[in-house]
2 protein chains.
Amino acid sequence: MSYVNLKVYSGDSLEELVEVLKIAIARRSLVIILGECRVDYEGRAASRLELGERVVIIKQDSALLVHRPHGYSPVNWQPSTAIIEVTFKPSVGLVLHAVRDRPREYLTVVFVRVGLVVIGELVDQGGFTMYLEERDMRDILAENPWIIEEDLRVLGVEKPIGEGYVDIYALDKSGRHVLVELKRITATREAALQLYRYVEVYRKEHGETPRGILIAPSFAPTALETLTRLGLEYRYVDLKRLWELFKKRESKRVSLQEFFTKK
Amino acid sequence: MSYVNLKVYSGDSLEELVEVLKIAIARRSLVIILGECRVDYEGRAASRLELGERVVIIKQDSALLVHRPHGYSPVNWQPSTAIIEVTFKPSVGLVLHAVRDRPREYLTVVFVRVGLVVIGELVDQGGFTMYLEERDMRDILAENPWIIEEDLRVLGVEKPIGEGYVDIYALDKSGRHVLVELKRITATREAALQLYRYVEVYRKEHGETPRGILIAPSFAPTALETLTRLGLEYRYVDLKRLWELFKKRESKRVSLQEFFTKK
DNA sequence: CGTGCCAGGTGCCAT
DNA sequence: ATGGCACTTGGCACG
C-alpha cells in the first residue's frame, strides 16, 4: 500500500485514544472513529442525537461527518471551516468539539465507547470531471443554436441582466433579441419567473421587449402555466441528443490535445 | 464494545477481499474501504474520477459514499435504493457496481489497491430531534401571534393557497385577512415573490386583497426592494426570543409528560 | 464579504 | 409516482 501512515487502534481506552486523536488532528490526518456516541448541534438550527453506534469521519481539511448506519446523508456535520478539539472528560467520555464561524455553529460529539479508530493520510490528486452540467448544456446550445431554432445568432452567454445572468443571449432571424434560460432538469415555476425577470429588466433597460425562451428536458405544470401567462416560450431539449454532440466535441478536443502532445 | 461483528482486514489480497465483501454486503453489514480507486458515474449526469486514495462507505441499507480526503460532500455516491455487486477482475482490480432505478444510475468503483477494510453491524436506535426548523418558528408564532402584531388572530397554519401553502393565515384587528410567509434565515427575493403569489391568488379567489407579511431574521436588499414594490409588509423576528419561548414550551411539555408519567 | 444560482442536490410530505 | 418546498442545504463564481 501507498499509505504512509495508516494506523488502526482497537481496544484502547478512551484516555489513550484522546492523545492519539490530538496528534492526528494536529497533523491534519484523516480520522475515522467507530463508536457509541451522543451528538449535539447548535447554530443556524439545533439538534440532539441520542446514544447510538456511528461512524465519525474527520477529514484532512477538518470537515467532520457523523454518519448513522443508514442513509446517504450525515445526521450531523461541520464543514471544512471548523476547528476541532478533542478532550477526555472522566465519567463523560471522549469529547469532540467542532466549531466554525460564519455562521457560528457548534457541534459536540461525545463517545462513551470507541470500537475502532483509523488514522491515515490519504493522497488524492485524481482529477474529477463532471459532464452534462448546465454549463455543458449551455455551451453545446450556444455552439449549435440551430437546435433551438433556425437562423438564431448567438450574441453571448451568461450575459449580465440586472442582478442575474441570462444563459444565452441571441438574435432571431427577424432581428428580435432572444433571452434563453436553461434547466438541465425539470423546469419549475421558479425558472419561468427567473426568465421573466430577465425579460422585464431587458425591456426596461433597452425599451425593447425581447423573446424569452425556457429550455429544459421537461416542465412542471406550474412552469408551463406561468410561461403561458407571462407570454414566454419554451422548448424541450433532448438530453441524449446533446450528449451525443457533446461526446463528439469532447473526442475532438481530446484528439487535438493528443495531436499537440505528440507534436 | 457492543459491536457484535467488527472485523478489520489489512494486507489481504484483492481476491481474498472480494469474498469477504460479498458476504458482508449480502448480510447488509456496514463496510468501510480505504484504498486507491477510480470512480465512474453515469445517470442524470456523468462523471469520472481518476485514481486516488479514498474512503468508500457502504451503509447497512446499501447506500454508498465515496469520500475524498477533503470536503463535506461525497465526490460520488448512490442512495439506499441501490443494488451493489462486488467482483474481482484480474489486471483491473476489485470492482464495486452500484445501480439504482428511477432514476437509472450507475456507479462503478474500481480499487487497484486496498489498505483497509472494516466490516461491522452498527446498532443505532438513538432518537434524533431537530429544533428551530421553520416548522418550529411557525408553531411558536402561531401560538404567540402578538410577536407579529397586536390583536392578530390566527385562523390556520399551512393553509393551501392555490398550489402552495401559506405559513400562517390570520385576521388583523381591523378585520382584514393576513397571509404570513416565514423564512428561518435571510429572506431572498424568491421569498417575497412566493408571498406575492399567495396574495395574488387569494385576491383572485376571494375578491379581497389580503395583507402579506414576510417574517425573517434578515432580508436581502433585493427582497426589501421587491416587498416595497409589491406593496408587501415585513417584520424582523428575533430568533433568540423565539428560542427562549420555544425552550419554555419544550420544558412545559416535558414537565407535563413527567407529571403524567409519575401519575 | 454578501448575493445569486446550480446541484447527480436530498429529504419530507402532499395529492 | 409527481409536485411543491425546506434544508444546519453545500458549493462556486462574481460584484
Side-chain angles (χ1 to χ4, degrees), chain A residues 39-47 63-66 71-82 98 100-107 130-138 158 160-167 181-191 194 197 218-223 239, chain B residues 39-47 63 66 71-81 100-107 130-138 158 160-167 181-191 194 197 218-223 225:
Chain A
V39 186
D40 277 294
Y41 154 73
E42 191 174 330
R44 286 166 291 182
S47 73
L64 190 153
L65 309 170
V66 182
Y72 155 84
S73 44
V75 59
N76 284 110
W77 69 91
Q78 200 69 281
S80 59
T81 47
R100 73 156 158 167
D101 294 330
R102 251 181 322 279
R104 191 76 178 174
E105 299 199 292
Y106 304 87
L107 185 68
M130 175 76 82
Y131 308 95
L132 279 181
E133 295 169 286
E134 199 189 65
R135 173 164 41 86
D136 301 311
M137 189 172 163
R138 183 243 293 157
E158 295 299 315
I161 301 267
E163 282 143 354
Y165 300 83
V166 71
D167 290 318
E181 177 64 28
L182 303 175
K183 289 296 157 199
R184 201 182 46 78
I185 51 175
T186 306
T188 62
R189 173 172 42 198
E190 295 311 318
Q194 192 179 343
R197 279 202 299 277
S218 63
F219 295 82
T222 52
L239 267 178
Chain B
V39 187
D40 277 294
Y41 154 75
E42 192 174 330
R44 286 167 291 180
S47 73
V66 182
Y72 156 85
S73 44
V75 59
N76 283 109
W77 68 90
Q78 201 66 285
S80 58
T81 46
R100 72 155 160 167
D101 293 333
R102 258 181 317 280
R104 192 75 178 175
E105 300 199 288
Y106 305 86
L107 185 69
M130 176 79 81
Y131 308 95
L132 278 181
E133 296 169 287
E134 197 189 64
R135 173 162 41 86
D136 300 311
M137 188 171 164
R138 183 243 294 157
E158 294 299 316
I161 301 265
E163 282 142 351
Y165 299 84
V166 71
D167 289 318
E181 177 64 27
L182 303 175
K183 288 298 156 196
R184 200 179 45 76
I185 50 174
T186 307
T188 62
R189 173 173 43 200
E190 294 310 320
Q194 192 179 344
R197 279 201 301 277
S218 64
F219 296 82
T222 52
E225 184 274 326

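Numbers restart at 1 for each chain; the letters A, B, ... are given by sequence-line order, proteins then strands. Hydrogens, waters and symmetry mates play no part in the numbers below; they use all other heavy atoms, side chains included.
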Base, sugar-phosphate alone, or nothing: which one does [X] contact when heavy atoms must sit under 4.0 Å apart?
X	result
B:Val75	nothing
A:Gly164	sugar-phosphate
B:Pro103	nothing

Between [atom2] of [N] and [atom1] of [X], the distance in whole Å:
X	N	atom1	atom2	answer
A:Glu134	C:dC5	CD	C1'	9 Å
A:Arg189	D:dG3	CZ	P	13 Å
B:Gln194	D:dG4	CD	P	12 Å
A:Asp136	C:dG8	CG	P	11 Å
A:Ile185	D:dT2	CD1	C1'	14 Å
A:Glu105	D:dG10	CD	P	7 Å
A:Asp40	D:dT8	CG	C1'	14 Å
B:Glu190	C:dT3	CD	C1'	12 Å

With 3.5 Å as the limit, what N/O pairs link the protein to nucleotides 11-15 of chain D?
from, atom 1, to, atom 2, distance (Å)
D:dC14, O3', A:Tyr165, OH, 2.9

Q) When rounded to the nearest 0.5 angstrom, what distance separates CZ in A:Arg189 from CD in B:Gln194? A) 8.5 Å
Q) Measuring from B:Tyr72:OH to A:Leu64:CG, what's the distance to the nearest 0.5 Å? A) 12.0 Å
Q | Rounded C1' spacing from D:dC7 to C:dC6 in Å | A | 15 Å
Q.
Between C:dG11 and C:dA7, how many Å separate the two C1' atoms, rounded to a whole number?
A. 15 Å
Look at [X] and [N] and indicate whether a side-chain polar atom (N or O) is within less than 4.0 Å of OP1 or OP2.
X	N	result
A:Arg100	D:dG10	yes
B:Arg102	C:dG8	no
B:Lys183	D:dC7	no
A:Thr222	D:dG4	yes
B:Arg138	D:dC5	no
A:Thr186	D:dG3	no

Q: State whether the distance check finds a donor on one side and an acceptor on the other, under 3.5 Å, for side chain B:Gln78 versus base C:dG8.
A: yes
Q. Per the atom types in the model, does the base of C:dG4 pair as donor or acceptor with the side chain of A:Glu163 at under 3.5 Å?
A. no
Using every non-hydrogen atom in the two residues, find where [X] and [Y] come nearest and quote the distance to one decimal.
X	Y	value
A:Tyr131	B:Ala45	O-CB, 3.4 Å
B:Met130	A:Ser47	SD-CB, 3.8 Å
B:Ser218	B:Thr186	OG-OG1, 2.7 Å

Q.
Check this for me: does any side-chain nitrogen of one of A:Arg197 and A:Glu163 sit under 4.0 Å from a carboxylate oxygen of the other?
A. no
Q | Test log, rule side-chain contact (heavy atoms from CB on, under 4.5 Å), inputs B:Val75 and B:Val39 | A | CA-CA 9 Å; B:Val75 59; B:Val39 187; 5.7 Å; no
Q: Measure from the side chain of B:Met130, starting at C-beta and using heavy atoms only, and say which of D:dT8, C:dT3, C:dG8 lies closest.
A: D:dT8
Q.
As a test of reading the structure: which of D:dT8, C:dC1, C:dT10 is closest to the side chain of B:Trp77, going by heavy atoms?
A. C:dT10
Q.
Please evaluate residues B:Glu134 and B:Asp167 with respect to the criterion side-chain contact (heavy atoms from CB on, under 4.5 Å), reporting the C-alpha separation (whole Å), side-chain torsions for both, the decisive distance (0.1 Å), and the verdict.
A. CA-CA 9 Å; B:Glu134 197 189 64; B:Asp167 289 318; 3.9 Å; yes
Q. So B:Lys183 and B:Glu181, side-chain contact (heavy atoms from CB on, under 4.5 Å) or not? Walk me through it.
A. CA-CA 7 Å; B:Lys183 288 298 156 196; B:Glu181 177 64 27; 3.7 Å; yes
(Q) For A:Ser47 and A:Ala220, find the nucleotide of DNA chain D closest to each by heavy atoms; which residue's nucleotide sits nearer the 5' end? (A) A:Ala220
Q) How do A:Arg197 and B:Asn76 order along DNA chain C: which one's closest nucleotide is nearer the 5' end? A) A:Arg197
